Engineer: 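Encoded as structure tokens, here's the structure I'll be asking about.
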Amino acid sequence: MENDTINKGYTPEAVEAKWYEFWEQNGLFAASEESGRKPFSIVIPPPNVTGILHMGHSLNITLQDILCRYRRLRGDNVLWMPGTDHAGIATQNVVERNLATQGVDRHQIGREKFVEAVWEWRRKYGDAIINQLKRLGASCDWARERFTMDDGLSRAVRKVFVELYEAGLIYRGNYIINWCPRCQTALAELEVEHEEHNGHIYHIHYPLTDGGEGPVVATTRPETMLGDTAVAVHPEDDRYRHFNGKYVTLPLTGREIPIISDPYVDVSFGTGALKITPAHDPNDFEIGKIHSLPSVKVIGEDGLMTEEAGDKYKGLDRFECRRVVVEDLKNHGFLQKIEDYRHSIGHCYRCQTLVEPNLSKQWFVKTRPLAEKAVEAVKDSETKIVPEKWKNDYFKWMENIRDWCISRQIWWGHPIPAWKCADCDELVVAVEEPKKCPACGSRRLEQDPDVLDTWFSSALWPFSTMGWPDQTRLLKTFYPTSVLVTGFDILFFWVARMMMMGCHFMNDVPFKDVYVHALVRDENGKKMSKSSGNVIDPMVIIEKYGTDALRFTLAAFAAQGRDIKLSEKRIEGYRNFINKLWNAARLTLMHVTDKPADIDPSILGLADRWMLSRLKKVAYRVAEAIDGYHFNTAANEIYQFVWHEFCDWYLEAAKPALYGKWGEKRKQAALSVSWRILHDTLILLHPFIPFVTEEIWHLLPGTEGSVMKAVYPSDAPGFEQIAHDSAAEADMALVMDIITGIRNIRGEMNIAPSLALEVLIQTDNTAHQSLIKNNQALIGNLARLNSLNVASAGEKPKATATAIVDDLVISVFLEGVIDFAQESQRLEKEIAKLDKEIQAFLKKLENNDFINKAPAAVIDKTRSQYDECVEKLKKLKQNFDTIRSISEFQ
RNA sequence: GGGCGGAUAGCUCAGUUGGGAGAGCGGCGGCCUUACAAGCCGUAGGUCACAGGUUCGAGCCCUGUUCCGCCUACCA
């Protein structure tokens with residue numbers, strides 16, 4: 001046979017590269033800027049350009065690819081906009097580390113050369129992550145790939161900055177911000193990760209200037225005392241009322257600072273006296289403003305103590321300084337006690353360094369007015385968040401939003417489009433670099449040295465990638481995008497900010513749906529991280545099991561609202577599924593060597609009709625599940641269908657027909673049905689497992705081109721003619737039960753599978769009688785029977801084992817083989833099981849409340865179930881008695 | 001401190017408007033049956049965390065408790 005050459009096992013590595021290239025070269029990922037078709041668009045969450053693919057990406061990309069490939073099959077004009085993010089701090093760190101291996105510090109080579117080095121790095125390694133996305137099968141429109149530092153996107157960034165500035169929504173000022181001493185830059189609130197930590201709380205005595213005993217303050221950061229400019233007590237705290245108007249002498253410095261009263265102080269916490277360090281604590285900063293206190297900055301940008309800290313401490317590292325200060329306080333008798341204290345402290349999300357709250361001049365976005373519109377859009381369901389539970393988090397965050405610090409003191413990123421006149425100090429904010437100062441005409445303009453937060457440019461991604469600020473055709477066709485697929489970890493970082501910017505600048509939401517997916521964890525539920533060493537590398541998995549196996553696993557586990565615990569074992573299981581599909585195709589292709597004739601309903605057998613009916617249902621269900629982002633439901637639905645219906649039942653049932661044992665007509669029916677099922681199944685599965693489906697598609701006679709260009713089964717002409725055949729489904733269910741009943745006896749009675757059996761089925765139900773007669777060959781084949789006879793209900797033959805299915809008494813002749821003791825034991829077990837069920841029904845039916853209050857349909861159903869069980873029990877008992885009487889004779 | 005989510009078979013989890021508890025993996029027994037041993041057939045296994053409540057009826061709805069996660073917060 002022609003197809004004997006098809007491999008027995010599916011080998012992904014040989015297949016995947018071939019088809020990806022085929023798709024790309026044939027332009028199958030390309031979106032059309034204008035078309036009559038319904039547009040469907042997704043912008044990719046841009047991965048970090050220096051990053052490598054992890055499982056989180058894999059899930060994210062897989063889900064998007066499923067949606068895109070599915071929408072193409074449904075006939076949509078699909079745009080999947082790809083690209084990468086310049087990831088300011090992270091990328092700068094990577095390149096700096098690389099330079100360090102050559103013994104070079106970025107300050108040695110200077111800003112210009114350093115930025116050039118980063119671009120060089122990007123040119124060299126920037127494709128790595130893109131290539132990994134391709135390995136995953138991502139069907140992005142690569143011709144449109146964007147980078148957040150592209151000219152076009154940079155222009156969008158400048159325009160947004162200028163417009164927000166002119167609208168008063170961007171301002172610059174001196175505030176306490178979160179400073180990372182290692183990255184040497186300001187961070188936004190969001191970029192600080194809080195972690196519980198075992199620390200200490202220090203009680204320090206501040207003596208009164210007049211020599212009297214002063215307040216004792218409590219602090220977790222004693223080194224900041226060097227920058228104290230006041231001590232605050234609560235105005236109604238009787239303990240401290242006598243301090244009113246007095247001054248203390250700040251230990252170790254000798255500076256005199258006032259005791260002030262402020263209702264902010266919590267009398268019940270610590271000592272009730274609060275040291276005020278406006279330059280190093282956000283609350284103290286606020287209090288300082290109210291009381292017009294000076295700010296003394298004792299910790300510098302480098303994490304070392306400043307000159308203001310005093311000669312002794314200047315230049316010390318902040319942690320070393322703490323040790324020395326505590327030592328000195330102790331020696332001078334100021335330190336009253338040290339207590340253990342558990343509290344949370346902030347770390348830089350990029351490098352985990354302890355963040356220092358520091359007074360600094362930065363640029364901020366005034367977020368509240370922007371947030372309002374973004375909240376409204378979700379409240380009005382212009383954007384739907386799925387699953388809905390994330391809506392609350394979104395609202396809560398938006399409603400408590402604080403201004404967004406957007407300036408970063410690094411070199412890699414979008415320069416801030418602001419210039420200062422060296423002559424008159426005029427600040428100029430403009431899209432293009434100004435030639436001269438508009439105030440004094442000077443040409444000595446200096447650009448602000450800071451760059452913008454990376455998320456500032458990511459926030460524009462849904463429209464900047466489509467050419468904004470130009471009014472492009474792409475924008476017109478594809479904005480707002482259909483759905484954003486992302487993890488909840490960047491809901492605030494990214495989604496919320498895109499909502500704000502989209503609503504403000506496009507006057508429309510950036511996406512109609514947001515599908516928030518879970519996190520991928522290790523098999524113990526721990527977050528995968530390099531430091532825990534529990535990372536599963538998608539590329540290693542792909543090499544071992546194939547991309548399709550990985551994708552199907554992720555989809556099958558992507559239940560809404562629950563994290564995915566991933567282990568290789570599971571991937572292996574789904575790899576087996578791919579192989580199962582492959583072998584189902586092999587079997588089919590052994591017989592289907594040419595495209596079979598169209599299905600002729602008049603020659604179909606029961607199994608054929610059943611299978612087609614199931615296909616119809618599954619096609620609808622899968623569509624429904626994907627439409628609702630229930631990826632796991634969709635995946636499991638097809639899995640069940642392919643393996644346990646198509647393979648386990650249909651193909652097994654169809655084998656004799658395919659081999660021509662049942663005549664030409666049945667062969668024709670089996671050929672056309674199995675072709676049809678395989679054909680449609682490939683389409684249903686293609687969004688999930690694109691490679692293997694494409695491979696089989698090309699082996700299947702009667703297909704043309706790519707499966708990507710196929711029509712989703714329920715949209716195909718003629719699909720309506722596939723009957724939803726509930727009669728066939730019910731009949732097949734009974735036939736399956738008969739077969740399973742016989743197999744059960746075979747298994748339980750330890751009868752060799754090779755031994756063909758004789759079976760008698762007794763019933764007075766004439767419909768069932770003819771059903772069995774008509775499908776004698778089918779049952780005989782699958783249950784491995786020698787003979788199958790049908791008769792009216794009557795005396796049960798001896799030396800048989802029995803199964804009761806519906807109103808059928810199935811007797812398996814076991815002359816000479818039967819172990820009567822074993823058979824009676826088996827029946828006893830079943831009787832006991834049935835008895836329990838009957839009791840449960842009876843309890844309901846004897847309950848007057850149930851009869852009076854439950855809906856009639858429920859009562860009817862319960863009653864018929866009860867009747868059925870009773871009937872079955874009766875038959876079982878008869879058989880049990882027969883067997884018992886025989887075994888007693890023996 | 002506040003909020004959210006979870007607790008269902010040995011393990012990982014489904015269970016969409018309340019109506020006789022499911023899958024995959026693992027276990028056990030039997031099979032190299034000419035698509036597949038990455039397989040086939042059969043089978044065991046659950047007081048649906050605990051305590052109340054609503055209801056004729058609760059895994060599902062309500063209240064409380066316990067134990068795990070996660071997010072969030074400026075109490076020094």
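The chains referred to below are lettered A, B, ... by the order of the sequence lines, with proteins before strands, and numbering in each begins at 1. Remember, it's a predicted structure, so these values are computed and weren't measured experimentally. Basis for what follows: all heavy atoms, side chains included, without hydrogens, waters or symmetry-related copies.
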Engineer: Which nucleotide, B:G19, B:A35, B:G42, lies nearest any side-chain atom of A:Lys655?
Structural biologist: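 When the side chain of A:Lys655 is considered, B:A35 is the closest of B:G19, B:A35, B:G42.
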Engineer: Just to be sure I understand the rule, does A:Arg575 reach a base, reach only the sugar-phosphate, or reach nothing, if contact means heavy atoms closer than 4.0 Å?
Structural biologist: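 Contact class for A:Arg575: base.
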Engineer: Would you list the pairs meeting salt bridge (charged side-chain N to carboxylate O under 4.0 Å, His left out) in which at least one residue belongs to residues 735-751 of chain A, sequence neighbours left out?
Structural biologist: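 Found A:Glu748-A:Lys829.
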Engineer: Could you go step by step and tell me if A:Met225 and A:Val325 meet the side chain to side chain contact (heavy atoms under 4.5 Å, CB included) rule?
Structural biologist: CA-CA 9 Å; A:Met225 66 148 308; A:Val325 162; 4.0 Å; yes
Engineer: Considering residues at least two apart in sequence or located in another chain, which fulfil the side-chain contact (heavy atoms from CB on, under 4.5 Å) criterion with A:Ala670?
Structural biologist: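 For A:Ala670, the residues satisfying side-chain contact (heavy atoms from CB on, under 4.5 Å) (neighbours in sequence not counted) are A:Tyr650, A:Ala654, A:Ala657, A:Leu658.
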Engineer: What N/O pairs connect the protein and nucleotides 22-27 of chain B at under 3.5 Å? Give each pair on its own line.
Structural biologist:
from  : atom 1 : to       : atom 2 : distance (Å)
B:G24 : OP1    : A:His644 : NE2    : 3.2

Engineer: When the P atoms of B:G57 and B:A73 are compared, how many Å lie between them, rounded to an integer?
Structural biologist: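 46 Å, rounded to whole Å.
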Engineer: Quiz question: going by heavy-atom distance under 3.5 Å, is there a donor-acceptor pair between the base of B:C36 and the side chain of A:Lys580?
Structural biologist: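 Side chain to base: pair present.
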Engineer: Within the 4.5 Å heavy-atom criterion, are A:Met398 and A:Phe492 side-chain neighbours or not?
Structural biologist: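 No - every pair of side-chain heavy atoms lies 4.5 Å or more apart.
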Engineer: Kindly write out the residues that satisfy side-chain hydrogen bond (donor to acceptor under 3.5 Å, both in side chains) with A:Glu695, not counting sequence neighbours, or none if the list is empty.
Structural biologist: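 Residues passing side-chain hydrogen bond (donor to acceptor under 3.5 Å, both in side chains) with A:Glu695: A:Lys18, A:Trp19.
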Engineer: Near RNA chain B, counting only heavy atoms under 4.0 Å, which residues of residues 271-278 of chain A show up?
Structural biologist: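 A:Gly272, A:Leu274, in order of number.
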Engineer: Which dot-bracket notation, 5' to 3', represents the base pairing of RNA chain B when pairs are defined as Watson-Crick or G-U with both distances under 3.5 Å, crossing pairs as [ ], and inter-strand pairs as |?
Structural biologist: (((((((..((((.....[..)))).(((((.......))))).....(((((..]....))))))))))))....
